[in-house]
Amino acid sequence: MAVQLSNELNSWKTTPKPWPSFLPTQFSLQSQLRDAKTNHQFILCDAVNNWLNGETDGLWPGADWQRAPLRAVVGLIDYPSEARQDPLAFELGRYHLAVYGDAGSGKTTLLRTLVTSLAATHSPDELHIYVLDLGGRGFRVLEGLPHIGTVIYADEETYYERLGRLVDKLNRIAEERQKFLSDAGVNSLYEYNAAHPQEPYPAVLVVIDNFPELWENQEQLVENVLVPLIRRSLAMGITFVVATASLMVSRVTSLFGERVTFRQANTDRYMDLVGRGAIEFGNVPGRGYMRVDQRPLLFHAARPTGVVDADATVDASNEASDLQRLAEHMCLHIRTKLTMRTQPDPIRTLPEIVPLTTMLDMAAGAMSANMQAVLGENAALLPAIVDLKKMGPHFVVAGPPFSGKTTVLLNWVLSLGYRYPPSQVAMLLIDVQRRLADYGGRHRLDELPHVLSVLDEVEQLEALLPQLKAECEGLAGAVNRREIYVIIDNYDDFAEDLEKKRNLAQELPYLARRYGRDGLRFVIAGNLEGGGNELRRRIQSGNFGLGLRTGQALDALRVSRRPAGMQDKELNVGRGYLVKSGQTALVQVASPYEINGGTETEDNDIKVAQALDYWVERIVKRYPDEHLEWQAAPQNATSSGVGAATADPRAAKLLDLLHRAAYKRAAEGEQVRSGAVERYECAISVCNRRA
């Protein structure tokens with residue numbers, strides 16, 4: 001009777017309580033919540049409901065850049081002294097946020113809820129999001145949101161590369177905005193956007209789940225790059241939100257203006273994080289403390305989506321399905337009703353195959369007075385260009401077998417030959433295993449107008465030494481302006497034979513030292529393990545080169561600290577680090593074998609030969625009336641026809657082939673009749689005189 005009378009007096013409405021109920025243990029951004037004190041029903045984020053229902057009109061009305069930039073509603077907070085419970089919201093335009101808690105306490109769920117809340121209320125023109133997920137792929141369900149530039153996972157193959165690119169991108173954004181805002185005469189991005197609401201610059205949210213993983217494995221990056229970035233980025237519109245299970249060092253903790261904590265097994269940590277007064281609340285995922293007015297207040301984090309029953313087990317698959325549908329409705333809304341001014345840039349990685357033709361086209365606008373070889377694509381996704389006059393004078397390519405060393409040398413030859421006329425670039429190729437110049441096609445690299453000679457025996461180089469010295473003296477005396485590249489493949493085999501020729505072993509290091517600054521360039525490729533000979537030490541003294549695939553390859557280049565991506569694994573073929581003075585930069589070596597118009601074939605050797613034939617023909621056609629010759633005649637022309645100054649280049653090529661045939665037959669154990677080669681030389685000499 002008393003209850004009925006009370007209901008009649010209150011028009012059958014629920015009688016208000018003098019205080020709210022306990023914080024619910026399970027709810028979402030779209031749950032219907034009730035304030036028992038005021039009998040008021042509310043939803044934390046109506047926009048999430050609307051997006052899920054496809055009712056998109058009026059959504060993304062524009063951010064409040066002046067009063068509440070980047071306001072994310074993520075749960076309920078209890079104010080016991082005021083007997084009320086309010087939505088828990090973070091003003092991420094005003095501070096960075098750190099979320100603490102033991103494993104399984106609700107950190108990742110809070111971060112997903114935060115991202116969902118912001119995406120539902122801010123358009124991609126207003127917010128770009130980058131996620132570093134080091135805790136177990138908890139953000140895969142959010143990848144479809146149009147605000148997401150990228151989600152980077154610790155277990156992915158390109159993790160270190162993408163991490164470095166993300167940090168570089170954020171630094172670049174901060175630097176560009178700092179200059180822009182200074183020129184505009186404003187103190188922050190939000191101040192600028194409030195004055196220009198029709199053309200806002202997007203805020204950037206960086207979410208890092210499991211921050212200790214980053215600290216433990218990338219301490220130098222965090223200390224030297226990330227911490228300074230966090231310190232100065234807030235005014236540039238870049239906000240960091242990190243989740244961690246352990247306390248961070250004080251110099252890092254101080255950067256985060258707001259700190260909340262979920263369950264802590266060590267209750268002493270509550271004091272450090274939110275102050276005195278926090279008590280143990282049991283194992284309740286999503287329950288935590290936030291410091292407000294110098295006192296810890298309990299809060300409970302919402303899940304991103306779902307009509308969640310307090311007594312039911314949350315179905316993760318339903319939540320994933322909801323988030324996927326929400327993202328699809330957002331993308332459809334953009335395609336059909338909006339014209340976006342900006343899009344979050346994905347964090348691209350170096351492709352495994354980079355066509356040399358593409359890199360040459362991209363590098364065409366950056367031609368320099370210095371000779372620059374195009375080796376591939378660098379970490380900025382731009383052509384990797386090497387200028388030995390500026391950075392050299394010599395270059396080393398180190399790597400294990402089948403790492404791409406010969407391809408690097410091919411790129412040297414082809415890119416220089418394509419970009420510069422023979423009057424500027426001359427090449428001497430030393431190919432002891434006969435795989436560089438004689439690649440098995442219809443042509444050979446010594447048909448290029450830039451190639452003075454191709455040698456495959458140390459004896460040939462010994463006979464050619466006077467001509468090489470004469471060329472070097474011409475460089476020093478400014479007789480010509482061209483540079484001379486001595487390119488040596490399989491240097492380890494070459495070095496063994498070189499040590500048997502004492503005069504040559506002494507002369508070559510002297511030439512490398514004496515004429516390096518004048519334009520004599522040595523480019524060598526090999527395993528390059530151990531101490532090496534005097535020529536190798538001279539070439540390596542500039543500490544400039546490319547280490548391919550393994551950390552041992554970088555050791556040959558005296559790298560002070562191996563990059564993280566090379567510490568415990570091998571890279572792909574053709575992937576390595578360009579090294580200068582101990583500093584490394586990631587590079588993907590270009591492929592000269594990927595060409596348009598080539599014949600389709602399943603045989604890789606045939607494909608390689610066809611592609612290199614294409615390059616030889618293309619470069620010969622580019623310089624049809626030019627072909628280099630040695631400036632000085634050999635002192636002993638009859639001892640070796642290689643490099644002899646003949647009137648007809650075709651005769652020189654024929655003589656070269658005859659010598660190769662003789663050496664090959666000798667290597668196979670056949671007897672070469674004495675004087676046979678000399679008679680061929682005499683015959684060719686007669687032909688030359690007649691010509």
Check whether Y577 reaches the backbone of R562 with its side chain - one donor and one acceptor, N or O, closer than 3.5 Å.
no
So does P400 get a backbone contact from the side chain of R549, meaning a donor-acceptor N/O pair under 3.5 Å?
no
Any side-chain to backbone donor/acceptor pair from T150 onto I152? Under 3.5 Å, distance only.
no
Hey, are the side chains of L229 and V225 touching, using non-hydrogen atoms and a 4.5 Å cut-off?
no
Which pairs, with at least one residue in residues 434-477 and sequence neighbours excluded, count as a ring pair (Phe, Tyr, Trp, His ring centres under 6.0 Å)?
H450-Y623
Electrostatic pair E534-R537, nearest N-O below 4.0 angstrom:
yes
List the atom pairs, donor and acceptor, that lie under 3.5 Å between side-chain atoms in residues 540-548 and the rest of the protein, sequence neighbours left out.
{"unit_1": "Q540", "atom_1": "OE1", "unit_2": "R536", "atom_2": "NE", "d": "2.7"}
{"unit_1": "Q540", "atom_1": "NE2", "unit_2": "A556", "atom_2": "O", "d": "2.7"}
{"unit_1": "S541", "atom_1": "OG", "unit_2": "R538", "atom_2": "O", "d": "2.6"}

Within the 4.5 Å heavy-atom criterion, are W615 and T357 side-chain neighbours or not?
yes
Check the pair L360, R419 against side chain to side chain contact (heavy atoms under 4.5 Å, CB included), reporting the backbone distance first and the verdict last.
CA-CA 8 Å; L360 288 175; R419 286 161 63 88; 3.8 Å; yes
Please determine, by modelled atom types, if Y491 and N533 share a side-chain donor-acceptor pair under 3.5 angstrom.
yes
Where the side chain of N490 meets the backbone of V432, is there a donor-acceptor pair that is under 3.5 Å apart?
no
Between atom OH of Y153 and atom OH of Y159, what is the distance when rounded to the nearest 0.5 Å?
13.5 Å
Verify side chain to side chain contact (heavy atoms under 4.5 Å, CB included) between F395 and I539, making sure each step is shown before the conclusion.
CA-CA 7 Å; F395 194 83; I539 295 171; over 6 Å; no
Go through the structure and list residues passing side chain to side chain contact (heavy atoms under 4.5 Å, CB included) with A525, not counting sequence neighbours.
V397, K405, L409, D489
Kindly write out the residues that satisfy side chain to side chain contact (heavy atoms under 4.5 Å, CB included) with N503, not counting sequence neighbours, or none if the list is empty.
L465, E507
Here the gap from D168 atom CG to I173 atom CD1, rounded to the nearest 0.5 Å, amounts to 11.0 Å
For the backbone of R434 and the side chain of D438, can you confirm whether one donor and one acceptor N or O come within less than 3.5 Å of each other?
no
Hey, are Q588 and R575 close enough side-chain-wise for a donor-acceptor pair under 3.5 Å?
yes
State plainly whether the residues K389 and D387 are in salt-bridge range, i.e. N to O under 4.0 Å.
no
So do the side chains of L504 and V458 get within less than 4.5 Å of each other, counting heavy atoms only?
yes
Criterion side chain to side chain contact (heavy atoms under 4.5 Å, CB included) on M391 and V386, from CA distance to verdict
CA-CA 8 Å; M391 305 292 290; V386 175; 5.9 Å; no
Pairs touching residues 375-384 that satisfy salt bridge (charged side-chain N to carboxylate O under 4.0 Å, His left out), sequence neighbours left out
none
Determine, step by step, whether M359 and L382 satisfy the side chain to side chain contact (heavy atoms under 4.5 Å, CB included) criterion, reporting the C-alpha distance in whole Å, the side-chain angles of both residues, the deciding distance to 0.1 Å, and the verdict.
CA-CA 8 Å; M359 292 299 101; L382 297 172; over 6 Å; no
Hey, are E175 and N171 close enough side-chain-wise for a donor-acceptor pair under 3.5 Å?
no
Can you tell me how far apart CD1 (I353) and OG1 (T358) are? Round to the nearest 0.5 Å.
11.5 Å
Carboxylate-amine/guanidinium proximity below 4.0 Å for E594 and K607
yes
Give the table of side-chain donor-acceptor pairs shorter than 3.5 Å for residues 510-523, with sequence neighbours excluded, one pair per line with atom names and distance.
{"unit_1": "R514", "atom_1": "NH1", "unit_2": "D518", "atom_2": "OD2", "d": "3.3"}
{"unit_1": "R521", "atom_1": "NE", "unit_2": "E483", "atom_2": "OE1", "d": "3.4"}
{"unit_1": "R521", "atom_1": "NH1", "unit_2": "G516", "atom_2": "O", "d": "2.6"}
{"unit_1": "R521", "atom_1": "NH2", "unit_2": "E483", "atom_2": "OE2", "d": "3.2"}

Is a side-chain donor or acceptor of D492 paired with a backbone partner of G526 at a separation under 3.5 angstrom?
no
For V579, is there any backbone N or O sitting under 3.5 Å from a side-chain donor or acceptor partner on Q583?
no
Counting only N and O atoms by type, is there a donor-acceptor contact under 3.5 Å from the side chain of E499 to the main-chain atoms of E496?
no
